[in-house]
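Treat the numbers as computed from the prediction; the structure is a model and nothing was measured. Naming convention: chains lettered A, B, ... in sequence-line order (proteins, then strands); numbering from 1 in each chain.
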2 protein chains.
Amino acid sequence: MKGIEPELIELLKQGWCTPQIARIAKSTHEPSTTIHYNIKRMETEKKIKAYKAVFDYQKIGQGFCTFVLINLSPGEYGNPEKIAKILAKHEQIESIDIITGDWEIIAKIRTKDQNEYYEFVKKALSMPGIAKTTSLVSFRQIKTEFVS
Amino acid sequence: MKGIEPELIELLKQGWCTPQIARIAKSTHEPSTTIHYNIKRMETEKKIKAYKAVFDYQKIGQGFCTFVLINLSPGEYGNPEKIAKILAKHEQIESIDIITGDWEIIAKIRTKDQNEYYEFVKKALSMPGIAKTTSLVSFRQIKTEFVS
DNA sequence: CATATTATTGAATATTATTCAATTATTTAT
DNA sequence: ATAAATAATTGAATAATATTCAATAATATG
């Protein structure tokens, strides 16, 4: 046993997958070369960014999910993207968006547990420019990434 | 031309992909049979739920992204999951969570544009049990689903 | 309407996943 | 501690799949 699983999870989260052309061809009753051609075109056009695995986050020790609503300090209203891009570098952040309304940024965060989340908040969200954060902790994830 | 692309996008959003075992084997310097064995085990254990494509949503006409914060009417506090599961059936909903704090549910929604979003809100969010909704429209998606 | 470009497709080939059997490592029970 | 049982690793063989290629058809362009 080499404990290869964490490495595999990390790879499969980022990509390292590929479409099942033959299976899609059978399902759609199209020749596999037609499916191949169309998918490769979408890849070239950058419509498809990657192929990746979707995990049961409970089962891989990433079960704690929160949404953070962020208010920037007035001096940073001009470039919320700068702060969002810095935050995006953290692997715990699954998605981050610049938004309208009472907050400037919303981030979706995955950690092992409340403890790891607390450490993340201390480390990542204490940066200058962030005035206030509101955490919405997920009790139950009913649907994730289009996969029920 | 058969206009097969929308069908392919729908399939690849749900799954119909597979890990690249040989490529992962080369990258990790492990035998491909070891990679195969480990990944199949994770599938059996249901740690891996699916393999799917990640799209550039702007380019496939799903560029409008919003987060909806939902307040339930007092009578529904007991079972937010019931409402969340009904909403989860809509293909426009990428994710939906039961949360703590000032709202009971948060949903992430993808539509073509504001117009389609408005139609979705009228259709989906007018159901009994939902008392109030707050929409946070995404101006810019800095990071999505772990893919930058 | 003619020409250029893009899309479709079957046949051949290259690559890859999968199966299998043998070996090694790890866990469990006594 | 040791034996037995279970789980994990691996190379070789096979089955399945992706990819390339060349020919044809459809569509777009001027």
Side-chain angles (χ1 to χ4, degrees), chain A residues 1-63 112-113 144-148, chain B residues 1-63 112-113 144-148:
Chain A
M1 281 211 302
K2 290 170 188 166
I4 199 183
E5 197 175 296
E7 193 180 353
L8 287 177
I9 290 173
E10 201 45 46
L11 286 174
L12 295 174
K13 211 185 256 180
Q14 306 289 340
W16 300 80
C17 298
T18 194
Q20 295 180 294
I21 292 173
R23 240 188 98 207
I24 293 169
K26 272 168 205 155
S27 160
T28 57
H29 303 289
E30 299 284 344
S32 69
T33 44
T34 301
I35 303 299
H36 182 267
Y37 176 85
N38 277 274
I39 289 180
K40 292 300 152 189
R41 182 170 39 68
M42 283 193 271
E43 290 175 11
T44 305
E45 294 168 350
K46 304 268 175 66
K47 285 180 180 173
I48 294 172
K49 293 164 78 177
Y51 305 95
K52 53 158 246 178
V54 180
F55 293 93
D56 184 321
Y57 292 102
Q58 303 288 343
K59 291 187 177 153
I60 63 167
Q62 306 263 108
K112 182 163 169 264
D113 51 30
T144 59
E145 302 167 17
F146 297 110
V147 179
S148 294
Chain B
M1 283 212 299
K2 290 170 187 166
I4 200 183
E5 196 175 296
E7 193 180 355
L8 287 178
I9 289 172
E10 201 46 45
L11 287 175
L12 295 175
K13 211 184 258 180
Q14 305 291 339
W16 299 81
C17 298
T18 194
Q20 295 180 293
I21 292 173
R23 240 188 99 208
I24 293 169
K26 273 168 205 155
S27 159
T28 57
H29 303 288
E30 299 284 345
S32 70
T33 44
T34 301
I35 303 299
H36 182 268
Y37 176 85
N38 276 274
I39 289 179
K40 291 303 152 187
R41 183 170 39 70
M42 283 193 272
E43 290 176 10
T44 305
E45 294 167 351
K46 303 270 175 65
K47 286 180 179 173
I48 294 172
K49 292 164 79 177
Y51 305 95
K52 53 157 246 179
V54 180
F55 293 93
D56 184 321
Y57 292 102
Q58 303 288 343
K59 290 187 177 155
I60 62 167
Q62 305 263 109
K112 182 166 171 259
D113 51 30
T144 59
E145 302 168 19
F146 296 109
V147 179
S148 294

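Contact annotation: A:His36 side-chain N/O to D:dA18 OP1/OP2 distance is not under 4.0 Å. For A:Thr34 and C:dT9, the shortest distance from a side-chain N or O to OP1 or OP2 is below 4.0 Å. When the side-chain nitrogen and oxygen atoms of B:Asn38 are compared with OP1 and OP2 of D:dA8, none of them lie within a distance under 4.0 Å. OP1 or OP2 of D:dA8 has at least one side-chain nitrogen or oxygen of B:Arg41 nearer than 4.0 Å. Dashed line: the shortest gap from a side-chain N or O of B:Lys26 to OP1 or OP2 of C:dT16 is under 4.0 Å.
Nearest-nucleotide assignment on DNA chain C puts the 5′-proximal partner with A:Tyr37, out of B:Ala22 and A:Tyr37.
For the pair A:Glu5 CD and D:dA8 C1', the interatomic distance rounds to 12 Å; values are reported in whole Å. For the pair A:Arg23 CZ and D:dA15 P, the interatomic distance rounds to 22 Å; values are reported in whole Å. Per the geometry, NZ belonging to B:Lys40 stands 12 Å off C1' belonging to C:dT19, to the nearest Å. Atom CD1 in B:Ile21 sits roughly 14 Å away from atom C1' in D:dA15 (whole-Å rounding).
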Query raised in the report: For A:Glu145 and A:Lys52, what are the C-alpha separation, side-chain angles and deciding distance, and is it a salt bridge (charged side-chain N to carboxylate O under 4.0 Å, His left out)?
Result: CA-CA 11 Å; A:Glu145 302 167 17; A:Lys52 53 158 246 178; 3.4 Å; yes
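B:Met42 contributes atom CE, which lies 4.5 Å from atom CG of A:Leu8 (distance to the nearest 0.5 angstrom). To the nearest 0.5 Å, atoms CD1 (A:Ile60) and CD1 (B:Ile48) are separated by 8.5 Å.
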